[in-house]
Amino acid sequence: MLYNFKEIEEKWQRFWQEKSIFKAGYSPEKKKFYCLEMFPYPSGKIHMGHVRNYTIGDVYSRYQRLKGREVLHPMGFDAFGQPAENAAIKNQTKPDAWTHGCIDWMKVELKKMGFSYDWDRELSTCDSSYYRWNQWIFLKMFERGLAYKKASGVNWCPSCSTTLANEEVIEGECWRCHSQVEQKELEQWYLRISEYKERLLEDLKQLDKWPQRVIAMQNNWIGKSQGTEIYFRLKDNDKLITVFTTRPDTIFGATYVVLAPEHPLVKEIIKGKPQEKEALAFIEKVAKESKISRVKEDVKKEGVWTGAYCVNPVNQEVIPVWIADYVLMEYGTGAIMAVPTHDQRDFLFAREHNLPMKIVIKSPQSTVHSPQEMIEAYEGEGVQVNSGEFDGLANQEAKIKISQWMDKNSMGKIVTHWRLRDWLISRQRYWGTPIPIIYCPKCGVVPVPYAALPVELPEDAPFTGEGGSPLGKVKEFVDVLCPECGEKARRETDTMATFFDSSWYFLRFCSPKNENNPFDLQEAKYWMPVDQYIGGIEHAILHLLYSRFFTKFFQDLGMIDFNEPFKSLLTQGMVLKDGEVMSKSRGNIVDPDSIIQKCGADTLRLFILFAAPPETELEWDDRGIEGAFKFLNRLWRIQDNLKEKADLQVYRALHKAIKKVSDDIESFKFNTAIASLMELVNVIYQSGADKEVFSKLVLLISPIAPHFSEELWHGLGNKESILNAAWPEYDSSLLVEENIAVVVQVNGKVRGTVIVNKDIAEEDLKKACQEEPAVRKWIEDKPVRKIIIVPGKLVNIVI
RNA sequence: GGGCAAGUGGUGGAAUGGCAUACACGACAGACUUAAAAUCUGUUGGCUGCAAGGUCGUGAGGGUUCGACUCCCUCCUUGCCCACCA
């Protein structure tokens with residue numbers, strides 16, 4: 001007989017909802033636990049990735065609840081973004097209606113999984129009660145100079161007339177209309193995250209419960225590197241070209257200088273020179289290419305001579321100034337010194353254009369004497385040559401000496417370089433938070449007053465998907481009176497990037513209905529920081545970095561007194577089918593709902609936790625689902641055959657399982673926690689269980705299969721929810737066996753086992769081992785050199 | 001090119017430096033059944049052997065150790081992240 005999962009799951013979901021059992025209350029007398037899973041984008045259906053993410057969080061939340069914590073476990077929707085606009089165009093509907101329809105449907109599905117969310121705290125970033133606080137935060141940042149507008153090069157689709165994020169440019173073309181993407185100078189809003197770079201880097205050290213690789217990625221992204229800026233004087237007009245290098249030891253080998261085509265000095269340098277026309281043509285050509293295609297590997301590096309020369313400050317050599325596409329304005333100073341002998345890109349470029357080369361670092365093994373013999377640049381370690389007074393030094397030492405020498409003699413400067421750029425948040429999109437700024441012909445850029453928030457999205461913007469910001473076409477939205485002078489003015493029509501919305505939602509969950517502040521200070525003080533955050537590795541950089549940035553900003557506003565939002569982070573692996581990521585385009589999606597129909601949510605939860613540890617990839621297996629379902633049924637049947645009193649060995653097995661399951665859940669090893677429950681069930685099938693053993697078994701599996709356990713719990717005569725019970729404790733005296741099996745090795749190979757009393761004296765143990773016949777045979781009369789004893793486990797006899 | 005993971009039976013996966021393959025799936029066998037399903041009980045790394053046993057075995061090769069899936073070095077493969085990064 002199979003248990004009736006359908007009836008049971010519906011019944012307890014209703015029960016939990018009626019009793020408001022997951023409601024989180026501000027209870028300072030109790031220890032709190034804030035468990036958060038990354039909120040979903042409401043695309044309509046939940047997929048296996050969501051199921052995995054949220055099941056992990058749910059088990060952990062329920063476990064913490066049973067351990068007596070006041071648990072905050074909220075859920076909401078990251079509801080702004082482009083897919084809603086696309087869907088609206090496609091389905092002839094409005095993004096608002098489409099999004100809310102998706103949210104409603106996803107909520108039904110999430111509830112079917114039995115997740116323990118406090119739905120009273122639900123939030124949606126597309127509601128003005130939420131996004132007004134985005135605008136509030138933006139204004140606070142604007143006041144402090146952290147939100148600013150500047151012109152810079154961005155990806156631009158001429159046919160859609162909108163900017164594109166790098167991810168939206170596919171092989172140099174617009175992802176929607178396939179036009180060639182261009183680079184364009186545009187005025188856009190930025191957040192000055194670079195102001196926080198030191199703290200964002202330094203505080204990574206506090207995050208000892210984050211995965212190492214996420215820390216590494218953040219480190220990498222912030223990208224602090226030590227280097228040297230070197231000044232090359234232009235021969236014509238004494239102006240300086242500043243180059244950035246991490247290899248000052250190669251400065252004596254610099255044979256030309258290269259500027260990025262966009263470099264501000266370029267136009268000045270080429271003016272009036274015979275090379276001007278060719279150079280301008282080249283600059284234009286590069287400008288037309290998108291960053292993406294320019295950055296593609298195998299593309300040949302192209303460049304032209306400017307006609308100008310500059311002077312190497314260390315040896316007064318006069319060398320030519322080039323422009324080339326392989327030098328990027330965004331990195332360093334937008335100018336490099338080229339050392340063809342010791343940099344592969346410079347090497348290829350110099351070969352191509354017949355530029356001179358000079359060896360300045362020699363590897364000890366090298367037989368190469370002139371640059372003409374080289375087939376590639378030598379980028380390794382070596383000894384300085386052709387480097388004036390530094391000849392003979394190891395290049396690593398020279399690196400330091402030369403940069404110090406240049407710094408002292410004003411030829412250059414030791415600098416720290418950061419890879420982190422300011423964050424471009426302007427989007428020419430409709431479905432996002434309007435940026436609360438007004439442009440007044442008289443007063444200039446004027447922030448919307450706090451009292452006038454929210455700046456609401458107009459409901460009926462023209463939606464075609466073509467050409468510019470839809471908000472710009474809504475006259476009632478754009479036309480506004482200047483808050484300062486009262487004259488006619490115009491609103492900003494760009495909206496914010498959606499990463500803005502998700503950079504602080506965890507704070508809003510502490511008091512989602514607060515109307516005076518983005519969050520209640522006292523509530524936030526109690527609940528924050530998030531004790532456990534769980535989500536996909538794809539957010540390892542941007543979302544987590546932005547959230548850390550916002551947290552530090554709130555700290556600076558004096559609204560919170562901690563500097564990191566997420567104490568512990570778990571990044572769950574992807575769900576695969578036949579070795580590939582589940583996706584619509586591959587057509588290998590397994591719909592969670594179909595599994596719930598067939599075997600129930602508890603089976604799905606059990607399988608997804610059992611199939612792999614949470615951080616690794618999970619291979620979907622329909623037969624594994626059946627196995628999980630069988631196990632629940634096997635456990636279910638125990639209730640019909642309870643004994644008066646179970647055997648001692650069953651109690652031992654129970655307490656062993658209590659310890660193992662507790663330890664494993666704490667450290668997210670759900671798969672082995674379940675394995676130990678299976679072992680316990682196997683023991684019970686051999687020897688029988690009593691009511692006490694069974695009750696504790698039901699408690700142990702309750703975070704994993706909550707409906708199932710709630711039903712069994714009530715079947716055992718309990719009147720209250722299992723969630724109000726206490727997590728079982730183990731009796732450590734039951735974990736120790738009187739007689740233990742000790743493995744005996746001879747020269748490291750297992751040759752036998754002896755059963756001895758746990759308190760046996762060392763000498764007696766040694767004797768017992770040597771007398772064991774299976775061991776004796778291997779020792780014979782050879783002299784025993786040494787005996788190694790691992791207490792309670794193993795004896796190794798070395799002969 | 002740089003950084004980080006990972007590599008164990010037919011499969012998913014276990015193993016604080018101490019019995020490699022727990023637990024499960026699959027397969028095979030037995031019990032129950034007129035029969036099947038379900039359920040329960042066994043067997044299940046390779047080679048060798050009638051058997052007891054022996055021997056090999058955690059991507060490859062070295063090293064440390066009484067003892068290595070685990071630690072160190074070199075390499076191979078796969079995955080992820082970053083990258084014309086100067």
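Numbers restart at 1 for each chain; the letters A, B, ... are given by sequence-line order, proteins then strands.
Rounded to a whole angstrom, the distance from the P atom of B:C75 to that of B:A15 is 30 Å. Comparing the C1' positions of B:C23 and B:C71 gives an interatomic distance of 28 Å, to the nearest angstrom. Going from the C1' atom of B:A14 to that of B:G3 covers 30 Å, rounded to whole Å. Rounded to whole Å, the P atom of B:A51 lies 14 Å from the corresponding atom of B:U44. For the C1' atom pair drawn from B:U55 and B:G61, the interatomic distance equals 22 Å after rounding to whole Å. For B:C72 and B:U39, the P atoms lie 46 Å apart once the distance is rounded to whole Å. For the C1' atoms, the distance linking B:G45 with B:C40 amounts to 27 Å, nearest Å. The gap from the C1' atom of B:U11 to that of B:A5 amounts to 22 Å, rounded to the nearest Å.
Among the nucleotides B:C66, B:C80, B:A14, the one closest to the side chain of A:Arg213 is B:C80. When each of B:C81, B:A14, B:U55 is scored by its nearest atom to the side-chain atoms of A:Met217, the top-ranked nucleotide is B:C81. Comparing B:U41, B:A22, B:G13 by their nearest atom to the side chain of A:Pro613 picks out B:G13. Set against B:G26, B:G54, B:G79, the side chain of A:Arg623 has B:G26 as its closest nucleotide. Side-chain proximity of A:Trp778 to B:A24, B:U55, B:A22: nearest is B:U55. Nearest nucleotide to the A:Lys793 side chain, out of B:U16, B:C85, B:C81: B:U16. Nearest nucleotide to the side chain of A:Leu794, out of B:C85, B:C19, B:C25: B:C19. Side-chain proximity of A:Thr672 to the nucleotides B:G79, B:A14, B:A86 is greatest for B:A14. Listed nucleotides B:A86, B:C81, B:U39 differ in distance to A:Phe244; the shortest reach to its side chain belongs to B:A86. In the set B:C82, B:G13, B:C40, B:C82 carries the atom at the smallest distance from any side-chain atom of A:Arg419.
Note on A:Gln686: a side-chain N or O is less than 4.0 Å away from OP1 or OP2 of B:G42. In this structure, A:Asn671 reaches the B:A14 phosphate: one of its side-chain N or O atoms is under 4.0 Å from OP1 or OP2. The phosphate of B:U41 (OP1 or OP2) has a side-chain N or O of A:Arg634 nearer than 4.0 angstrom. One finds a side-chain N or O of A:Asn682 lying less than 4.0 angstrom from the OP1 or OP2 phosphate oxygen of B:A24. At the phosphate of B:A38, neither OP1 nor OP2 sits under 4.0 Å from any side-chain N or O atom of A:Arg637.
Between the A:Glu379 side chain and the A:Gln344 main chain, a donor and an acceptor come within less than 3.5 Å of each other. Remark: side-chain polar atoms of A:His342 are paired, donor with acceptor, to backbone N or O of A:Val360 under 3.5 angstrom.
Using a 90° window around 0 for the glycosidic torsion, B:G12 falls outside it and is classed as anti.
Residue A:Phe607 contributes atom CZ, which lies 12 Å from atom P of B:C25 at whole-angstrom precision. Summarising the geometry, the separation between NE2 on A:His543 and P on B:C81 is reported as 17 Å, rounded to the nearest angstrom. Rounded to whole Å, atom C1' of B:A5 lies 10 Å from atom CD1 of A:Ile537. Protein atom NZ of A:Lys630 is 10 Å distant from nucleotide atom C1' of B:G26, rounded to whole Å. Nucleotide B:U16 holds its P atom 13 Å from the NZ atom of A:Lys659, rounded to whole Å. Rounded to a whole Å, the CH2 atom of A:Trp620 is 16 Å from the P atom of B:G12. Atom CG in A:Asn747 sits roughly 15 Å away from atom P in B:U65 (whole-Å rounding). When the P atom of B:C82 is taken as reference, atom CD1 of A:Ile541 falls 5 Å away, rounded to whole Å.
Mapped onto RNA chain B by nearest heavy atom, A:Lys777 and A:Lys749 fall at different nucleotides, with A:Lys777 at the one closer to the 5' end. Summary of the strand contacts: A:Ala675 and A:Thr616 both lie near RNA chain B, and taking for each the nucleotide with the nearest heavy atom, the more 5' one is attributed to A:Thr616.
Using modelled atom types, one finds a donor on one side chain and an acceptor on the other under 3.5 Å when comparing A:Glu381 with A:Gln396. Inspection of the A:Gln649 and A:Ser687 side chains reveals an N or O donor paired with an N or O acceptor under 3.5 Å. Looking at A:Tyr256 and A:Asn312, their side chains never bring a donor and an acceptor atom within 3.5 Å of each other.
Put simply, the side chain of A:Gln745 and the base of B:G18 share a donor and an acceptor less than 3.5 Å apart.
Note on A:Val743: a base of the nucleic acid sits closer than 4.0 angstrom, heavy atoms only.
A salt bridge is absent between A:Lys656 and A:Glu679; no separation between the charged side-chain nitrogens and carboxylate oxygens falls under 4.0 Å. Remark: A:Glu772 does not engage A:Lys767 in a salt bridge, criterion side-chain N to carboxylate O under 4.0 Å.
Ring geometry, A:Phe244 versus A:His417: the interplanar angle falls from 30° to 60°, so the pair is classed tilted.
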